[in-house]
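All remarks here apply to the structure that follows.
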Amino acid sequence: MRKTYFISDLHLSEDSPVITEAFFDFLSQHMSAEVDALYILGDFFEVWIGDDEHSTLAQQVVQKLAALKEMGIRTYFIHGNRDFLLGKRYAKQAGMTLLPEQHVIDLYGIKTVILHGDEMCTEDIAYQKFRKKSRGWWWPRMILSLPLNVRRKIARDARAKSKANQMGKAAEILDVTHSAVIEMFERYQVTQMIHGHTHRPDVHHYEQHGQTLTRTVLGDWYSQGSFLVVNELGEQTLIKDQTA
């Protein structure tokens, strides 16, 4: 039976080899001739400072993803808030297709909007301001024009600041808001949504205008290997721990 997989929030890093190994195990266990596509919905890497950062991890991942293309498995990537600087050069090497921030796919007959999800956390005003700046045309170009060692320092400082800011915020602020979720459904005229970012894997249902809307949230990989698999019948299975 044909299948499609979705993952997000792996936060791959040279400092977390266990997560990298879990991802490689996931590929070896689940990627087969039956798989149509793998969608990576952001925060694939803990940080990405540019395609010219030729780290060992980046090259290992390129080899693994390029192998999927050789198998006939299409790989798609949507940027997250950690890896929004990942560019066309790296994507080409990995055999990945870069998608826009929100993208509608035909998932075995069901129109589905896929996204990272951070744009729906509208109560986090400070973050939304940064998001708008970081996705603009000038800020990424300015950052990428800096020397690699400067970009590494900026990334370290940004991670530390982000962790400190999150510790001081209520959980509700870091989650998506109901109004933003409904607006996203209505904007794209779909009944199904898949996203990550919040690290709260679950399936949510809403009743709107006589329709049932389904929002599936992918989990992070800090302590488990979370993924979603959808078969050709449209049946979803959300795995919160791939070792289970």
Side-chain angles (χ1 to χ4, degrees), residues 4-13 16 18-19 22-23 26 30 38-47 76-84 99 101-103 105 107 110 112-128 130-131 158-159 161-188 190-208 212-230 235-244:
T4 294
Y5 283 81
F6 299 83
I7 57 175
S8 73
D9 300 284
L10 279 72
H11 296 270
L12 294 175
S13 166
S16 303
V18 173
I19 297 177
F23 172 57
F26 161 79
H30 298 281
L38 171 66
Y39 287 87
I40 304 170
L41 304 187
D43 284 6
F44 186 39
F45 291 95
E46 173 69 7
V47 66
Y76 299 95
F77 181 87
I78 288 180
H79 294 95
N81 52 296
R82 299 296 187 115
D83 47 22
F84 57 86
L99 298 177
E101 292 181 343
Q102 300 107 30
H103 186 67
I105 61 174
L107 187 57
I110 302 176
T112 304
V113 63
I114 58 175
L115 59 160
H116 180 56
D118 55 332
E119 61 267 61
M120 296 188 295
C121 300
T122 55
E123 288 193 10
D124 193 344
I125 305 300
Y127 170 72
Q128 291 301 327
F130 169 76
R131 187 183 191 283
R159 287 203 305 273
K161 184 178 180 180
S162 175
K163 289 180 180 179
N165 287 340
Q166 287 186 6
M167 289 180 64
K169 292 178 180 178
E172 294 76 15
I173 293 178
L174 299 174
D175 201 358
V176 300
T177 60
H178 179 78
S179 59
V181 168
I182 298 303
E183 191 277 331
M184 192 69 67
F185 275 117
E186 293 182 343
R187 182 191 309 176
Y188 292 102
V190 298
T191 59
Q192 187 164 270
M193 178 191 302
I194 301 171
H195 72 86
H197 181 66
T198 63
H199 300 186
R200 299 178 182 187
D202 207 346
V203 180
H204 304 269
H205 300 288
Y206 310 84
E207 295 298 324
Q208 191 78 0
T212 298
L213 311 178
T214 302
R215 177 173 67 95
T216 302
V217 186
L218 306 172
D220 66 85
W221 284 53
Y222 284 132
S223 58
Q224 72 277 322
S226 177
F227 63 87
L228 171 70
V229 56
V230 183
E235 299 168 335
Q236 291 191 14
T237 303
L238 178 62
I239 304 298
K240 298 183 181 181
D241 186 343
Q242 71 163 341
T243 62

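The shown structure was predicted, so the numbers you read here are calculated from the model rather than taken from an experiment.
Remark: H116 pairs with H197 by the ring-ring contact (aromatic ring centres under 6.0 Å, His included) rule, at least two apart or across chains. When the ring-ring contact (aromatic ring centres under 6.0 Å, His included) test is applied to Y222, the partners found at least two apart in sequence or on another chain are H11, H199. The side-chain contact (heavy atoms from CB on, under 4.5 Å) search around H204 returns D202, Y206, R215, V217, not counting sequence neighbours.
Remark: side-chain polar atoms of S226 are not paired, donor with acceptor, to backbone N or O of K240 under 3.5 angstrom. Judged purely by atom type and a 3.5 angstrom limit, S179 has no side-chain atom pairing as donor or acceptor with the backbone of T177. In this structure, D220 contributes its side chain and D9 its backbone to no donor-acceptor pair below 3.5 Å. For E119 (side chain) and G117 (main-chain N/O), a donor-acceptor pair under 3.5 Å exists by modelled atom type.
At a threshold of 4.5 Å between non-hydrogen side-chain atoms, the residues H205 and L213 do not count as touching. The shortest distance between side-chain heavy atoms of F6 and L107 falls below 4.5 Å. Taking the side chain as every heavy atom from C-beta outward, Y5 and L228 never approach each other to under 4.5 Å. Residues V230 and E235 have side chains not in contact (no heavy-atom distance under 4.5 Å, counting atoms from C-beta outward). A heavy-atom distance below 4.5 Å is found between the side chains of I114 and I105. Looking at Q192 and I110, their side chains come closer than 4.5 Å, going by heavy atoms from C-beta outward. Here the side chains of L12 and I19 are in contact, with some heavy-atom distance below 4.5 Å. When side chains are defined from C-beta on, T4 does not count as touching V229, because their heavy atoms never get closer than 4.5 Å.
Taking the centre of each ring, Y39 and F77 stay at or above the 6.0 Å mark.
With rounding to the nearest 0.5 Å, the separation of CG in L10 from CZ in F26 is 8.5 Å. Going from atom CZ of F130 over to atom CD1 of I125 covers 16.0 Å, rounded to the nearest 0.5 Å. Taking CD1 from I40 and CD1 from I7, the interatomic distance works out to 4.5 Å, rounded to the nearest 0.5 Å. Atoms CH2 and CG, from W221 and D43 in turn, are 14.0 Å apart once rounded to the nearest 0.5 Å. Here the CG-CE distance, from L115 to M120, works out to 4.5 Å after rounding to the nearest 0.5 Å. To the nearest 0.5 Å, atom NE2 of residue H103 and atom OH of residue Y188 are 10.0 Å apart.
Donor-acceptor pairing under 3.5 Å is recorded for the side chains of E207 and T212. Side-chain contact of S16 with E46: a donor-acceptor pair under 3.5 Å is absent, judged by distance alone. Of the N and O atoms on the side chains of E123 and Q128, not one donor lies less than 3.5 Å from an acceptor on the other residue.
For C121 against V176, the heavy-atom pair with the smallest separation is SG-N, 3.9 Å. Nearest heavy atoms, T216 versus Q236: OG1-OE1, 2.8 Å. Across L218 and S8, no two heavy atoms sit closer than the pair CB-OG, 3.4 Å.
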Check against side-chain contact (heavy atoms from CB on, under 4.5 Å), M193 and M184: CA-CA 9 Å; M193 178 191 302; M184 192 69 67; 3.6 Å; yes
Chi angles and distances behind the side-chain contact (heavy atoms from CB on, under 4.5 Å) call for F185, V190: CA-CA 6 Å; F185 275 117; V190 298; 4.0 Å; yes
